[in-house]
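Remember, it's a predicted structure, so these values are computed and weren't measured experimentally. Any value given below was found using the heavy atoms of this structure, including those in side chains, with hydrogens, waters and symmetry copies removed.
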Amino acid sequence: MRFHTRKWVKPEDLNPNSTLFGGKLLAWIDEEVALYSIIQLENFRIVTKHMSEINFRSSAKQGDIVEIGIDVVKFGHTSLTVRCEARNIMTRETIITIDSITMVSLDINGKPQPHGKTKVEFINDRFKT
């Protein structure tokens, strides 16, 4: 799994239990997966279609650093499906796992659009001379 983003848990990210609010973590994940999908599918019109069961396994507290990782599960005709893990760098514990998040590529009218992608591309793949 490739870990793309780190987030610092700040006071505004906490729930009444003084641990990381699950909704905040899900927002971070949704944004990171959207950005990843935009880059992979080369289309800024991306929406979240589906998230499988969300499994909270541990938490984080103020001052901890959370790392978000993504792996591609499959490329569909109009979609990209990934799995995700967020982990607490300070405690080395997995905070959450999501086995399947499906993102859909849209056209200018908001309808699913074929993207033509079949594999993960890295920057070096796109700029070969």
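Evaluation of the salt bridge (Lys or Arg N to Asp or Glu O under 4.0 Å) rule for E93 yields no partner, not counting sequence neighbours. A search for side chain to side chain donor-acceptor pair (under 3.5 Å) contacts involving D99 returns nothing, not counting sequence neighbours. Considering only residues two or more places apart in sequence or on other chains, K61 meets the salt bridge (Lys or Arg N to Asp or Glu O under 4.0 Å) condition with D64. Take S52 and apply the side chain to side chain donor-acceptor pair (under 3.5 Å) test, not counting sequence neighbours, and it matches no residue. In this view, I54 and L26, M51, F56, I96, I98 satisfy the side-chain contact (heavy atoms from CB on, under 4.5 Å) rule, not counting sequence neighbours. Annotation: side chain to side chain donor-acceptor pair (under 3.5 Å) contacts of S37 (sequence neighbours excluded): none. Applying the salt bridge (Lys or Arg N to Asp or Glu O under 4.0 Å) rule to R2 yields no partners; only residues at least two apart in sequence or on another chain are considered. Listed by chain and residue number, R6, R87 satisfy the side chain to side chain donor-acceptor pair (under 3.5 Å) test with E67 (two or more places apart in sequence, or in another chain). In this structure K24 satisfies the salt bridge (Lys or Arg N to Asp or Glu O under 4.0 Å) test together with D13, sequence neighbours excluded.
Here S105 contributes atom OG and F44 contributes atom CZ; the two are 10.5 Å apart, rounded to the nearest 0.5 Å. Remark: E31 CD to I29 CD1 distance equals 11.5 Å, nearest 0.5 Å. The distance from the NZ atom of K7 to the CD1 atom of I65 is 12.5 Å, given to the nearest 0.5 Å. Here the CD1-CG distance, from I95 to N55, works out to 12.5 Å after rounding to the nearest 0.5 Å.
Grouping the Ile, Leu, Val, Met, Phe, Trp and Tyr side chains by contacts below 4.5 angstrom, directly or via other members, places L25 apart from F21. Grouping the Ile, Leu, Val, Met, Phe, Trp and Tyr side chains by contacts below 4.5 angstrom, directly or via other members, places M90 apart from I68. Under the 4.5 Å side-chain heavy-atom criterion for Ile, Leu, Val, Met, Phe, Trp and Tyr, F122 and M1 are members of distinct hydrophobic clusters.
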- request: Would you check, one step at a time, whether the test side-chain contact (heavy atoms from CB on, under 4.5 Å) holds for T48 with V33?
  value: CA-CA 9 Å; T48 307; V33 172; over 6 Å; no

- request: Begin from the C-alpha positions of I46 and Y36 and carry the test side-chain contact (heavy atoms from CB on, under 4.5 Å) through to its verdict.
  value: CA-CA 10 Å; I46 299 290; Y36 184 83; over 6 Å; no

task: For N43 and H115, run side-chain contact (heavy atoms from CB on, under 4.5 Å): C-alpha distance rounded to whole Å, both residues' side-chain angles, the deciding distance at 0.1 Å, then the answer.
output: CA-CA 8 Å; N43 180 5; H115 51 68; over 6 Å; no

task: Decide side-chain contact (heavy atoms from CB on, under 4.5 Å) for N88 and L20; before the verdict, give the C-alpha distance in whole Å, the side-chain angles of both, and the deciding distance to 0.1 Å.
output: CA-CA 11 Å; N88 184 329; L20 177 60; over 6 Å; no

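Within the 4.5 Å cutoff, the side chain of Q113 has no heavy atoms near those of the R45 side chain.
Under the 3.5 Å distance criterion, the side-chain polar atoms of N17 are left unmatched by any main-chain donor or acceptor of T19. A donor-acceptor pair is defined here as one N or O able to donate and one able to accept, closer than 3.5 Å; such a pair exists between the side chain of D107 and the backbone of N109.
Closest approach of K119 to Q40, counting heavy atoms only: O-OE1, 4.1 Å. Across W8 and W28, no two heavy atoms sit closer than the pair O-CH2, 4.3 Å. Shortest non-hydrogen contact noted between A34 and M103 is CA-CE, 3.7 Å.
Listed by chain and number, the hydrophobic cluster partners of V104 are V47, L106, where partners are ILVMFWY side chains within reach of under 4.5 Å, directly or through others.
The stretch residues 49-59 participates, sequence neighbours left out, in no salt bridge (charged side-chain N to carboxylate O under 4.0 Å, His left out) pair at all.
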Taking only distance into account, with no hydrogens and no angle test, what donor-acceptor pairs under 3.5 Å do side-chain atoms of residues 74-85 form with protein atoms, sequence neighbours excluded?
from, atom 1, to, atom 2, distance (Å)
T81, OG1, T102, OG1, 3.3
R83, NH2, D71, OD2, 2.9
E85, OE2, T94, OG1, 2.7

